[in-house]
Amino acid sequence: MAIITKAPRGTQDLLPSNGFREQFIEKNLTDISSYYGYKIISTPVFEHTELFDRGVGETTDVVQKEMYTFEDNGRRSITLKPEGTAGAARMFIEHGLFNEPMPQKYSYVTPCYRYEKPQAGRLREFHQFGVECYGSSSPQTDAEVISLARAIFDFFGIDGLKLKINSIGCPKCRARYQKALRDYFTPFKDELCDTCKTRLEKNPMRLLDCKDPDDKKRASGAPKILDYLCDECREHFESVKKYLDCLDIQYEVDPSIVRGLDYYTRTVFEFVSDSLGAQGTVLGGGRYDGLISQLGGPETPAIGFAMGLERFNLLLDAQGVNLLECPVPDIYIGSVGEDAKIAAMRHAEELREDGFSTEIDLVGRSIKAQMKYANKIGALFTCIIGSDEIKSGAVSVKKMKTGETFSLELKNFAESFERLRINDMCENISFPDGTDATDLNSLMGKVSGAEDNKEQPFV
């Protein structure tokens, strides 16, 4: 029997070497969102298929070609979620969150699934960071959501992004626009791809999002939605631009942006980068004022955005953005003999309870091998406990970077190491008077003196 040693096509593993990086990215995405009032949510990885048929849209590529749909044991049609917004909207309705004070703001990181051709940054299992804001129809909200997206890119130091915006109107003005599109595309009907032939009657705006090169070329000459906006939608779009101007957010109006999902209305936007080649969209979103009512809830305006984390990682790499390195152990405690192993385990547990990352020998290595291992994992400090250390009640702790050694009592080992570690971190702290804090006592004295003088202690 063959052993399966490869992950399914279009999926990838998160290796230990990248785990801290992903954790760092996700934490900061949700932290930055919290500054704007967004609270973390989570929804199931699968939903009833009807949710995506009704929410995402039957004529979209996602629903027609890309969903992972199956029948469960109860003969219900179930789909692995291809995006996060429909599930968040279902949650909002099911739990009656429309009864809460508005606006309601949510953020999430979730796995998503689409059956498409795998390529750089586009996988069949991918991860999406998204935000959803319910209960405000104000163009000010549109600008704030875009501002949140910009804040994320600014935090990570990403350069060269372009913000492209458009308005695709409301159902009232879109009806006139769709008629204009049918009139434009009908003479080319026989030349359209099979998918677009269906879309021409059901939802002609989807023709503008077709990936077929010939259809894309024809779409470039199609009528522009901005020429068909009703007065209300035009005023909304002008206000969005006004608020972006006041925030000094540069943008480009791009009438070709319609987004790939049917629930969008009015404002749509994308952040694009030249660093990712032809597939340059990094983050996309917009307003979807009709989605909640379409799914059976009350009329509720809404807006949000989503960003694929795999593509975001590619962008970070392409621009050479250096993130924090994976943390290393504060200390490695080596041991020789059974009594020493027990002592090492006890002291390690005490250190961990105090918040210090601590490693001990678990595979029976020799002392030489233990020290090699400690060096390989980058431990900041090391020590070895043996029979002599247990008898004397003291152990020599080595700072690996400099080779300095410090004698610490085993009786109060955790407390003594904490003091040593704090003193070590204080060495690089300087003060306005040019002096250094080289130990905990001088640090506390500096802080105390600064508080007395109502000055900031740190530079």
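Bear in mind the structure is a predicted one, so any value in this text is a computation, not a measurement.
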For [X], I'd like to know if atom [atom1] has over 12 heavy atoms of other residues, nucleotides or ligands within 6.0 Å.
| X | atom1 | result |
| --- | --- | --- |
| E100 | CD | yes |
| D231 | CG | no |
| E232 | CD | no |
| K27 | NZ | no |
| Y251 | OH | yes |
| K224 | NZ | yes |
| E50 | CD | no |

Take R218 and E191, measure what salt bridge (charged side-chain N to carboxylate O under 4.0 Å, His left out) needs, and give me the verdict at the end. CA-CA 10 Å; R218 295 186 193 96; E191 303 170 39; 3.3 Å; yes

Give a yes or no answer on whether the side chain of [X] reaches the backbone of [Y] with a donor-acceptor pair at less than 3.5 Å.
| X | Y | result |
| --- | --- | --- |
| D424 | L420 | no |
| D72 | G74 | yes |
| R174 | I168 | yes |
| D330 | T358 | no |
| S138 | Q140 | yes |
| S239 | E235 | yes |
| R182 | L200 | yes |
| N18 | R21 | no |

Might you point out which heavy atoms bring [X] and [Y] nearest each other, and give the distance in Å?
| X | Y | result |
| --- | --- | --- |
| F269 | G304 | CZ-O, 4.0 Å |
| A143 | Y243 | CB-CB, 3.5 Å |
| L226 | P255 | CD1-CG, 4.1 Å |
| L97 | M102 | O-CE, 3.7 Å |
| V282 | M307 | O-CG, 3.3 Å |
| P301 | R287 | CB-NH1, 3.9 Å |

Looking only at the side chains, is there a donor atom on one of [X] and [Y] sitting less than 3.5 Å from an acceptor on the other?
| X | Y | value |
| --- | --- | --- |
| D142 | T267 | yes |
| E22 | N313 | yes |
| T43 | K81 | yes |
| T30 | S107 | no |

Which pairs of donor and acceptor atoms, one on a side chain in residues 290-300, lie under 3.5 Å apart (sequence neighbours left out)?
unit_1 : atom_1 : unit_2 : atom_2 : d
S293   : OG     : G290   : O      : 3.1
Q294   : NE2    : R54    : O      : 2.2
T300   : OG1    : P298   : O      : 3.0

Any chance you could lay out the side chain to side chain contact (heavy atoms under 4.5 Å, CB included) test for V131 and Y108, step after step, and finish with the verdict? CA-CA 7 Å; V131 303; Y108 53 82; over 6 Å; no

Audit row: E349, R352, salt bridge (charged side-chain N to carboxylate O under 4.0 Å, His left out) steps and yes/no: CA-CA 5 Å; E349 200 65 15; R352 290 163 183 160; 3.4 Å; yes

Please assess L323 against I25 for the test side chain to side chain contact (heavy atoms under 4.5 Å, CB included), listing each intermediate value before the final yes or no. CA-CA 9 Å; L323 301 181; I25 290 172; 3.9 Å; yes

Show your working on ring pair (Phe, Tyr, Trp, His ring centres under 6.0 Å) between Y106 and Y134 and close with a plain yes or no. CA-CA 9 Å; Y106 313 126; Y134 300 105; 5.8 Å; yes

Does the pair [X]/[Y] count as a salt bridge with the N-to-O cut at 4.0 Å?
| X | Y | result |
| --- | --- | --- |
| R124 | E66 | no |
| R76 | E71 | no |
| E238 | K241 | yes |
| K242 | D245 | no |

Would you please test F156 and L29 for side chain to side chain contact (heavy atoms under 4.5 Å, CB included) and show each step? CA-CA 10 Å; F156 284 96; L29 290 174; 4.1 Å; yes

For a ring pair (Phe, Tyr, Trp, His ring centres under 6.0 Å) check, start with the C-alpha distance between F271 and F153, then their side-chain angles and the critical distance, and finish with the verdict. CA-CA 10 Å; F271 280 86; F153 296 127; 5.2 Å; yes

Side chain to side chain contact (heavy atoms under 4.5 Å, CB included) assessment of M67 paired with L80: CA-CA 7 Å; M67 294 204 311; L80 300 179; over 6 Å; no

Is the NZ or CZ atom of R176 positioned over Y228's six-membered ring, under 6.0 angstrom from the centre and within 45° of the axis?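 The answer is no, since R176 fails at least one limit relative to Y228.
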
Derivation of the ring pair (Phe, Tyr, Trp, His ring centres under 6.0 Å) call for F46 and Y68: CA-CA 10 Å; F46 58 86; Y68 279 90; over 10 Å; no

